[in-house]
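Here's the structure, in structure tokens; my notes come after.
A note on names: the letters A, B, ... follow the listed sequences, proteins ahead of strands, and every chain is numbered from 1.
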Amino acid sequence: MFSFSAILPEIFVLVMACSILLLDLFVIENRIAIYRLAQLTLIGAFALTVPLFDKIPLLAFSGHFMLDNLALTLKLGAYVLTFFVFLYAYDYLRLQHIKLGEFYVLGLFSLLGMMVLTSAGSLLTVYLGLELLSLPLYAMVTLLRDSKLTSEAAMKYFVMGALASGMLLYGISLMYGMTGELILMHVAEASIGMNLVNQSIMGLGIALIVVGIAFKLGAVPFHMWIPDVYSGATTATVLFIASTSKLTAFALAVRLLFNTFGVFFEEWQPMLLILGVLSLIVGNVVALVQTNIKRLLAYSTIAHMGFVLLALASGSLGAGLFYILTYGLMAVAGFAVVIALSRAGYEAQEISDLKGLNRSHPWFAFLIMLLMFSLAGVPPLVGFYAKFVVLDAMIKAGLTPFAIIAVILSVVGAFYYLRIIKVMYFDTSDAQALPQFTPNKPMRVALSINSLAFLALGLFPGALLSYCFWVFA
Amino acid sequence: MLTAIDFLIVSSLLFSLGVVGIIINRKNVIVLLMCIELILLAVNTNFITFARFLGDTGGEIFVFFILTVAAAEAAIGLAILVVLYRARNSINVQDLNLLQG
């Protein structure tokens, strides 16, 4: 039935995004007011989402909208990550003379798409959520309008993204044709006990859907856009693409593969395994030769998405959720470092820009060290537990050979994270060329909280871990 | 009498044309946008066929949503194209080589 209370956070974000758009156009001259309004929207949405935990599980709008533990958890996670993204982006946008209002309004619309996608209950809402999430992102990539690199990255991102959603959509249309249903639960019921012809067409549809998901996650061999977009796009936007949108790609995978096509587990498990292992290999090996920080983080993303795919392939959603949440925090901190090192008209992009950071800014060198150790998976930081639960789930699911490959490739990957630490601590450069770290105060505080969270979550992972497994219990 | 299979074959041909066009096109970015539209139209044909032969209106409603989203997508694609042209004075696919995957 129409239960508007279920979509209260969505309505709130939509109304606020539209109001901020108008206020930015006609009323407010003061840029920081726009920024504060955007952050207030996130806090308000958070406050409206938390009470919904009492109502779940809930189906609204004839089943098109679904509220469950996963939807609410991912929404809260998306608010927190977007809060960090907006905060880090402020400084960067001001330095690069990008219009603040455009970034924040598009960001809020994209967040709205993520919210719709995480609680999608039908194939229609999956598609609409996905497009509402992607379309503002294409525009956000282009915000630095005069740059040749940015426009090229935007075009590549657009074509790849549109191709991915086209494939996903073709898969969805086959699903609809074979079952005659759009609501995910009904599709799941109708796909049990099908005849052989229909089953093989369903197999084709699932393959197309897996391709679409792999595109969105950035898994090899559908990863070509990630390094280009990450290195070419406006860094503030990359923050958003790398953290929050990965969260929703995970939601997409869970909604379609597990909630809907759980019966076809044996069809899509090998696909995810292959994608996962290939991503680990390409991500970790190619990252070894990168000298650009953004490209390095891009390949590191690909490698991490390999782990997420392996978690999904082993059927352990709790491990996948824990991995993607902690990875989101790490990705946001990673690109925040790139932003913090850039000045007006200059963007720090090379690893050598970090040379001697320990001498000029020991505290931030320490924070980056925590981040790199966490990305590499060194205990006691949270990245270690994220990898640990995934490997544990894989061994329990009987995928021990794949777990061994994952461990070996993680060791390979540790090399390039450690190289950054080496550059910061042991490489010296003359005093004039020492890196300047010029973020404003809120960003310094946020970056400290963000990085210390890796340590805190790594020392006490129990609460978040048991919560992630409780979500799917 | 045409059967559902005939329509599905047409739509799968359209879909393949779109995908192949994106992969082998080396000339013009506008052709890429046209290929994307072709893929979406193939999906629409699929949905209409299934809706007609299953006697379910859900698929037809879905098509309206796809058409709307496709319009928005084309608008953003063309906007990016304009930005691209202004920044580089070329919309040749082969010139998109500053970033090497």
Contacting moiety of [X], where chain B heavy atoms sit under 4.5 Å:
X        : value
A/Leu124 : both
A/Tyr127 : side chain
A/Ile226 : neither
A/Leu208 : side chain
A/Leu128 : side chain
A/Leu174 : both
A/Ser147 : backbone

Under 3.5 Å, is there a donor on one side chain and an acceptor on the other for [X] and [Y]?
X        : Y        : result
B/Asp56  : A/Tyr176 : yes
A/Ser245 : A/Thr248 : no
A/Gln96  : A/Thr234 : no

Using atom types as modelled and distance alone, determine if a side-chain donor or acceptor of [X] lies under 3.5 Å from a backbone N or O of [Y].
X        : Y        : result
B/Asp6   : B/Thr3   : yes
A/Thr260 : A/Arg255 : yes
A/Ser110 : A/Leu133 : yes

- Taking the six-membered ring for Trp and the full ring for Phe, Tyr or His, determine whether the centres of A/Tyr230 and A/Phe335 are under 6.0 Å apart.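 Ring centres of A/Phe335 and A/Tyr230 closer than 6.0 Å.
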- Message: Quick check: A/Tyr138 with A/Tyr157 (ring centres under 6.0 Å apart)?
- Response: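 So the answer is yes for these two rings.
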- Query: Any ion pair linking A/Glu152 and B/Arg88 (charged N to carboxylate O, less than 4.0 Å)?
  - Reply: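 Between A/Glu152 and B/Arg88 there is a salt bridge, with a charged N closer than 4.0 Å to a carboxylate O.
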- Task: Over all heavy atoms of both residues, which pair between A/Lys294 and A/Ser231 is shortest? Give the atoms and the distance, please.
- Result: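 Closest heavy-atom pair between A/Lys294 and A/Ser231: NZ-O, 3.6 Å.
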- Item | Heavy-atom closest pair, residues A/Ile293 and A/Glu350 |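 Nearest heavy atoms, A/Ile293 then A/Glu350: CD1-O, 3.5 Å.
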So which of [options] has the biggest tally of heavy-atom pairs under 4.5 Å with chain A?
options                            : result
B/Leu40, B/Val69, B/Leu32          : B/Val69
B/Leu33, B/Ile39, B/Ile61, B/Val83 : B/Val83
B/Val29, B/Leu81, B/Ile66          : B/Ile66

Using non-hydrogen atoms only, which part of [X] is less than 4.5 Å away from chain A: side chain, backbone, both, or neither?
X       : value
B/Ala51 : both
B/Ser12 : both
B/Phe15 : side chain
B/Thr68 : neither
B/Leu84 : both

- Item | Members of residues 210-220 of chain A whose heavy atoms come closer than 4.5 Å to chain B |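 Heavy-atom contacts from residues 210-220 of chain A to chain B are absent.
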- Positive for side chain to side chain contact (heavy atoms under 4.5 Å, CB included) with B/Leu14, one of B/Thr45, B/Asn46, B/Asn44: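 Checked B/Thr45, B/Asn46, B/Asn44 against B/Leu14; only one passes side chain to side chain contact (heavy atoms under 4.5 Å, CB included): B/Thr45.
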- Item | Heavy-atom check, side chain of A/Leu288 versus side chain of A/Asn284, under 4.5 Å |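 Result no, sub-4.5 Å side-chain heavy-atom pair not found.
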